[in-house]
Amino acid sequence: MARRLAAAGSPTDRSVAIERSPSPWWQTAVVYQVYLRSFADGNGDGVGDLAGLRSRLPYLAWLGVDALWINPHYPSGGADGGYDIVDYRAVDPEYGDVGDLEDLVADARRLGLRVVLDVVPNHTSDRHRWFQAALADADSPEAARYHFAPPSDEPPNNWQSLFGGPAWSRTPDGRWYLHLFAPEQPDLNWRDPAVAADFEQTLRFWLDRGVSGFRVDVAYGLFKDAGLRDNPGSYSPTLFGHGPEQAMTWNQPEVHDVWRQWRAICDEYPDTMLVGEVCLADLEQVALYSRPDEMHQSFSFRLLKSPWDTAAFADGVQSALDAFGRVGAPVSWVLGNHDKDRQVTRFGGGALGTARARAAALLMLALPGSPYVYAGDELGLPQATVPDEVKRDPIFFRSGGARAGRDGCRVPMPWNDTPGVGFSPEESADPWLPVPSGWDRYAVSRQARDGGSVLTLYRRALALRAAHPALGSGQATVCTQDDVLTVTCVSGAETVRCVLNMGSGTVLVGSPGSVLLASTTRVRQSAGSVALPADSAVWLVES
Ligand code: TEU
Ligand code: CA
């Protein structure tokens, strides 16, 4: 009942409702994103798997996160890191089987961790039995579940694939079919009711196995303009996502009914949730996907896509608080994921990038809502250099090498300082992507015993976040002064300020209360003020 109350009213009503009854877990959950292929290899074939992940669950509990989201674990054609799914109700044999997933969920639960799966409803693999049947027979019911057009010289419209090139390819018999991503990822036609019916079965299949919900891939897609008309403009990677230039391809109003249906299904399973990947430029539009009867959350990618700039960060925080506040949904904060260069590298690399990533982590973990931590960000991993010969990302290939692709944030996790960094058992096959040399310096085993490591900072921050309601579930106010961004978080009698110095010199913060946590050891507190060096952040508590 708490959710209904929480969702119904204004942001103010919501806080009243939360105080009346314990809030649903997902409103403030710290969710750890596991890139399964690169997390931990249990059986020594060089590929991360469910057994490996299961063996590392105690690490996640020790770290202090609340839930994990696992990137696609399904049998896949392997064209896009698992996002080309062949069978939605199975586990890729490389990763284990359905029993392993059930065991993972059970172990996780015992450790107080929830498991969220990835689901990919916009497109299937070209090897999916539906697409195979559609290729074999243009008049089959399966053909109606995709977007086919009869043979002709030109593709049906001007749409472009997000991975480069036209969004239309030809079948062996000359028909066109639509793929907004790789040609191996044909788009489903959600105007065919058989598609929705099948996904309902998929959701129930996994919910019946105890998972706590789904991260929904390309949730802004699914429906296309009914007439498949030309887009008014071509896609330019605008700062925050797609806009009106792509009006025919994305964000069709019909898609919201799908989320209402999925929400109704989740409502039958207590304590489950949906988080949507909605890559639209307009955050107000993104938030509409998390109205009270739709998905519980939709990612706010503003901070992920902001440069190290005070105004951009302040706007990233404030606009998300405003947009999601208006619909009564928590903000899901994202600083890193499997599609984007690592923070340390984005923010300048080396010691500078690391200092900034540490400071950004304190900002994100202070904010009210549900932060997502991408595996390896808690180790301060930089973007890895992956040699072209071993790259896997279709973005690299389809751009003819012009775009580096996403492999550099998908290399194996370093667990210890042995030569193989403990990703696989000893004497195993080579890992599927090479471990960069020197990666052992980031290993969990080293950082866990280093009081100054990024890992120790995350662990302390998560423990404090759990202990202080102002952190993660307060009312937040944002203000900037020159290059200093301050977020004041209030819960009951407690106030915690997160002060982030994005400028190039030390600043003095007045009437600070006391330092709860700082992103650097170079913070100095004296009577009445705190000296905060460039590229650092601090949590200050007043009570
Ligand atoms: O990404 C969807 C998406 O919109 C992409 O444009 C994303 O922003 C891009 O990869 C950034 O470079 C999702 C998944 O997160 C991604 O890994 C998949 O490749 C994609 O869907 C297709 O399923
Ligand atoms: Ca393996």
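These figures come from a predicted structure and were not determined experimentally. Ligands are counted one by one from 1 in listed order, and the atoms in each one are counted from 1 as well.
Proximity to Arg410 (heavy-atom distance under 4.0 Å) selects the following atoms of ligand 1: 17 (O). Those atoms of ligand 1 that come under 4.0 Å of a heavy atom in Asp80, given as number and element, are 18 (C), 19 (O), 20 (C), 22 (C), 23 (O). Using a 4.0 Å cut-off to heavy atoms of His338, the atoms of ligand 1 that qualify are 14 (C), 15 (O), 16 (C), 17 (O). Against a heavy-atom cut-off of under 4.0 Å, Cys279 is close to the following atoms of ligand 1: 4 (O).
Taking a cutoff of 4.0 Å between a charged side-chain nitrogen and a carboxylate oxygen, Arg406 and Asp393 qualify as a salt bridge. Ion pairing between Arg263 and Glu294 fails under the 4.0 Å rule for side-chain N and carboxylate O. Ionic pairing of Asp217 and Arg215 is present here: one or more N-O contacts between side-chain nitrogen and carboxylate oxygen are shorter than 4.0 angstrom.
Given atom 10 (O) of ligand 1, the protein heavy atom at minimum distance is Arg406 NH1, 2.7 Å. Closest to atom 20 (C) of ligand 1 among all protein heavy atoms lies Phe181 CE2, 3.8 Å. Given atom 2 (C) of ligand 1, the protein heavy atom at minimum distance is Glu277 OE2, 3.1 Å. The protein non-hydrogen atom at the shortest distance from atom 17 (O) of ligand 1 is Asp339 OD1, 2.7 Å.
Ser38 and Trp432 form a side-chain donor-acceptor contact under 3.5 Å, judged by distance and modelled atom types alone. At a cut-off of 3.5 Å, with distance as the only test, a side-chain donor of Glu378 or Tyr59 sits close to an acceptor on the other residue. When only modelled atom types and interatomic distance are considered, Ser298 and Ser290 share a side-chain donor-acceptor pair under 3.5 Å.
Closest heavy-atom approach to atom 14 (C) of ligand 1 within the set Asp393, Asp217, Val218: this belongs to Asp217. Compare Leu162, Ile85, Asn122 by their heavy atoms: the one nearest to atom 6 (O) of ligand 1 is in Leu162.
Within the coordination shell of the Ca ion (ligand 2), defined by N, O or S atoms under 3.0 Å, Gly46 is absent. In summary, Glu94 places no N/O/S atom under 3.0 Å from the Ca ion (ligand 2), failing the contact criterion.
For the ring-ring contact (aromatic ring centres under 6.0 Å, His included) test with His73, the passing option among Trp206, Tyr35, Tyr88 is Trp206; the others fail.
One distance of note links CE of Met273 with CH2 of Trp26; it measures 9.0 Å at 0.5 Å rounding.
Side chain of Arg145 to backbone of Trp190: no donor-acceptor contact under 3.5 angstrom is found.
Contacts of Tyr220 with ligand 1, taken as heavy-atom pairs under 4.0 Å, involve the side chain alone. Contacts between Phe163 and ligand 1 below 4.0 angstrom, taking non-hydrogen atoms only, involve the side chain exclusively. Residue His242 does not touch ligand 1, judged by heavy-atom distances below 4.0 Å.
Counting heavy atoms of neighbouring residues, nucleotides and ligands inside a 6.0 Å radius, atom CZ of Arg209 exceeds 12 of them.
Between the Ca ion (ligand 2) and the N, O or S atoms of Asp45, the shortest distance is to OD1. In Asp49, the N, O or S atom that comes nearest to the Ca ion (ligand 2) is OD2.
Ligand 1 lies less than 4.0 angstrom from a heavy atom belonging to His123.
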* **Criterion ring-ring contact (aromatic ring centres under 6.0 Å, His included) on Tyr177 and His147, from CA distance to verdict** => CA-CA 6 Å; Tyr177 72 92; His147 297 278; over 10 Å; no
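In this structure, OD1 of Asn43 and OD1 of Asp41 enclose an angle of 80° at the Ca ion (ligand 2), rounded to 10°.
Aromatic pair Tyr146/Phe131: centroids less than 6.0 angstrom apart.
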